[in-house]
Amino acid sequence: MSSEPVNVNDFKELARSALPKMYYDFYAGGAEDEHTLRENIRAFHSITIRPRVLVDVSQIDMSTTILGHRISAPILVAPTSAHMLAFHEGELATARAAAAAQTIMVLSYSSTRSIEEVASSCDAVRFFQLYVFKRRDITALIVQRAERCGYKAIVVTVDTPWLGRREADMKNKMVAYPKKNLEGLMSVEINSDIEWLRSITSLPILLKGILTREDATKAVEAGVDGILVSNHGGRQLDFTPPTILVLEEVVQAVKGKVPVLLDGGVRRGTDIFKALALGAQAVLTGRAVLFGLSAKGEEGARTVLEMLKNELETTMALSGCPSIRDITRNHVRTQYDKLQAML
């Protein structure tokens, strides 16, 4: 590119140029035909914004609170694997970028820097993403390390009893980061797993990977502290629905009992605005940060987060929403709304 990047898509192209094809495909690719990967982004395009213009927007406040922790904007860094493939400092650089943006990074269990290294990289609020293994002693040790290092919540991924078929990785013979040996080792007994986790940690527990009202209801009954609507970035089961299109279903099932967050396909501030209008308390972005990290290291990751914040601020101002609490369901129109209006 001949000019500096001005949006996430520009950073994606820079990342494509900067990385070996194998690593770029690992970050950018999805499962099988990559239908869900594409639809995660396209589904946001089907939702339009209903701006209110006769509103004083001279001051915009994007700050919000997640599980009691104040952040500058409702944008968290999603847990993603192997940041050292993008930049030599790996998750240390990402953690510093998140701290500079005054937001929360969720460190992946599959990180290339240790729990302890990331904790000591900078002073910030961080969550830790976890898989619950059938060998609970292994899981307990990891949770204890995270808690000892000051992580403030556990995000349990529940959509990975088996790994999805990521065919780009197969074609590239992606061997730098194998996880095949984890297959069949994940626990799928959610109720007993949450009860057990409660017995070994006082940290809040969020479930990541919920896409239906049935699972949302079950998660609340199991006593979780939050839900993350996620289809694993289109990397697990292809042809699952885009997360933004099932967000309301999950929000309605939860009935305000716990916060609902969303990841998948977030590339613009308008995407974030739409998710908030449909009931999400915040969004998480993974690939966008990885694209920034791949292109320009820590500075790139930080710039991506600031870009999204700036875009959200503009969207709020032009939609008549001076604060996050002013963003309501009335500010967006979905395809379902359009269909209902025609009946």
Side-chain angles (χ1 to χ4, degrees), residues 65-72 76-84 87-158 160 177 179 181-182 185-209 219 222-228 230 258-259 261 263 282 284 286 289 293 298 301 305:
T65 302
I66 303 296
L67 297 180
H69 303 288
R70 196 75 171 172
I71 54 178
S72 65
L76 286 71
V77 177
T80 48
S81 300
H83 291 203
M84 286 182 69
F87 183 64
H88 69 278
E89 291 190 287
E91 289 81 5
L92 305 185
T94 311
R96 291 193 295 265
Q102 299 176 60
T103 193
I104 296 167
M105 173 187 179
V106 185
L107 180 68
S108 171
Y109 165 83
S110 305
S111 64
T112 43
R113 290 286 192 165
S114 72
I115 294 170
E116 292 79 8
E117 286 177 313
V118 174
S120 62
S121 65
C122 58
D123 184 21
V125 173
R126 274 177 289 273
F127 297 168
F128 183 74
Q129 178 266 328
L130 177 76
Y131 295 104
V132 176
F133 297 104
K134 293 176 181 178
R135 282 277 308 272
R136 286 187 169 177
D137 57 328
I138 297 174
T139 306
L141 178 61
I142 297 168
V143 171
Q144 290 161 8
R145 288 172 59 195
E147 191 165 12
R148 188 166 58 245
C149 289
Y151 291 74
K152 300 301 183 184
I154 300 295
V155 179
V156 180
T157 296
V158 294
T160 318
Y177 191 68
K179 292 193 290 184
N181 291 333
L182 296 182
L185 298 180
M186 308 300 185
S187 175
V188 294
E189 301 173 358
I190 296 302
N191 285 314
S192 61
D193 288 339
I194 298 303
E195 182 180 1
W196 173 75
L197 279 172
R198 288 276 183 228
S199 73
I200 67 166
T201 182
S202 59
L203 295 178
I205 298 169
L206 297 86
L207 287 196
K208 174 180 179 289
V224 302
D225 299 290
I227 286 174
L228 175 49
S230 174
V258 298
L261 295 83
D263 71 15
L284 290 83
V289 173
L293 188 69
E298 180 183 336
L305 291 170

Inset, instruction - Specify the closest pair of heavy atoms between A101 and S72, including all atoms of both residues, with the distance to one decimal. - result: O-OG, 2.7 Å

Inset, instruction - Please examine the side chains of I66 and P259, heavy atoms only from C-beta on, and report whether any two atoms are closer than 4.5 Å. - result: no

Inset, instruction - Drop me the distance from M84's CE to E91's CD, to the nearest 0.5 angstrom. - result: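 Rounded to the nearest 0.5 Å, the CE-CD separation comes to 8.0 Å.
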
Legend entry - Side chain to side chain, Y151 and V118, heavy atoms closer than 4.5 Å: yes

Legend entry - For V77 against A98, the heavy-atom pair lying closest together: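 The answer is CG2-CB, 4.0 Å.
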
Inset, instruction - Please report the shortest heavy-atom distance between A99 and D123, naming the atom on each side. - result: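 Shortest heavy-atom contact: CB-O, 4.3 Å.
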
Legend entry - Non-neighbouring partners of S114 that pass side chain to side chain contact (heavy atoms under 4.5 Å, CB included), sequence neighbours left out: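 Partners of S114 by the side chain to side chain contact (heavy atoms under 4.5 Å, CB included) criterion, ordered by chain and then number, come out as E116, E117, R145.
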
Inset, instruction - Could you tell me the separation between the SG atom of C122 and the CE atom of M105, rounded to the nearest 0.5 Å? - result: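 Interatomic distance, C122 SG to M105 CE, rounded to 0.5 Å: 9.0 Å.
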
Inset, instruction - Over all heavy atoms of both residues, which pair between A146 and I154 is shortest? Give the atoms and the distance, please. - result: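 Looks like CB-CD1, 4.5 Å.
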
Legend entry - For V125, side chain to side chain contact (heavy atoms under 4.5 Å, CB included) partners two or more places apart: H69, I104, F127, K152

Inset, instruction - Kindly write out the residues that satisfy side chain to side chain donor-acceptor pair (under 3.5 Å) with S230, not counting sequence neighbours, or none if the list is empty. - result: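 With sequence neighbours excluded, S230 shows a side chain to side chain donor-acceptor pair (under 3.5 Å) to D263, given in chain and number order.
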
Legend entry - All salt bridge (charged side-chain N to carboxylate O under 4.0 Å, His left out) counterparts of E298, not counting sequence neighbours: R96, R302

Inset, instruction - List in chain and number order the residues that pass side chain to side chain donor-acceptor pair (under 3.5 Å) with S202, two or more places apart in sequence or in another chain; answer none if no residue qualifies. - result: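 Checked S202 against side chain to side chain donor-acceptor pair (under 3.5 Å); matches are E147.
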
Inset, instruction - Could you tell me which non-hydrogen atom of L206 sits nearest to which non-hydrogen atom of A153, and how far apart they are? - result: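 Nearest heavy atoms, L206 then A153: CD1-CB, 3.9 Å.
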
Inset, instruction - Give a yes or no answer on whether the side chain of Q129 reaches the backbone of V155 with a donor-acceptor pair at less than 3.5 Å. - result: no

Legend entry - Nearest heavy atoms of P79 and L284, plus distance in Å: CD-CD2, 4.2 Å

Inset, instruction - Sequence neighbours left out, what passes side chain to side chain contact (heavy atoms under 4.5 Å, CB included) with I138? Give chain and number order. - result: F133, R135, I142

Legend entry - Side chain R198, main chain G223, donor-acceptor under 3.5 Å: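 Yes; at least one donor-acceptor contact below 3.5 Å.
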
Inset, instruction - Without swapping roles, check the side chain of T157 against the backbone of Y131 for a donor-acceptor pair under 3.5 Å. - result: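 The answer is no, because no donor-acceptor pair under 3.5 Å joins these two groups.
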
Inset, instruction - Determine yes or no for a side-chain-to-main-chain donor-acceptor pair under 3.5 angstrom, with S121 supplying the side chain and A95 the backbone. - result: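 Not a single qualifying donor-acceptor pair exists.
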
Inset, instruction - Any chance you could measure L261, atom CG, to L207, atom CG, to the nearest 0.5 Å? - result: 12.0 Å

Inset, instruction - From the options V143, V156, L130, select the one residue that forms a side chain to side chain contact (heavy atoms under 4.5 Å, CB included) with I205. - result: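 Of all the options given, the one that passes is V156.
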
Inset, instruction - Any chance you could lay out the side chain to side chain contact (heavy atoms under 4.5 Å, CB included) test for V289 and T80, step after step, and finish with the verdict? - result: CA-CA 9 Å; V289 173; T80 48; over 6 Å; no

Inset, instruction - Count the heavy atoms belonging to other residues, nucleotides or ligands that lie under 6.0 Å from CG of D137, then report whether that count exceeds 12. - result: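 Yes, enclosed.
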
Legend entry - All salt bridge (charged side-chain N to carboxylate O under 4.0 Å, His left out) counterparts of R148, not counting sequence neighbours: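 Once residues adjacent in sequence are excluded, R148 has no partner under the salt bridge (charged side-chain N to carboxylate O under 4.0 Å, His left out) criterion.
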
Legend entry - Evaluation steps, side chain to side chain contact (heavy atoms under 4.5 Å, CB included), between L107 and R126: CA-CA 7 Å; L107 180 68; R126 274 177 289 273; 5.5 Å; no

Inset, instruction - Verify side chain to side chain contact (heavy atoms under 4.5 Å, CB included) between W196 and T139, making sure each step is shown before the conclusion. - result: CA-CA 11 Å; W196 173 75; T139 306; 3.8 Å; yes

Inset, instruction - Identify, with sequence neighbours excluded, every residue that meets side chain to side chain donor-acceptor pair (under 3.5 Å) alongside S120. - result: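 Checked S120 against side chain to side chain donor-acceptor pair (under 3.5 Å); zero matches.
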
Legend entry - Side-chain heavy-atom pair D225, V258 within 4.5 angstrom cut-off: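 They are not in side-chain contact.
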
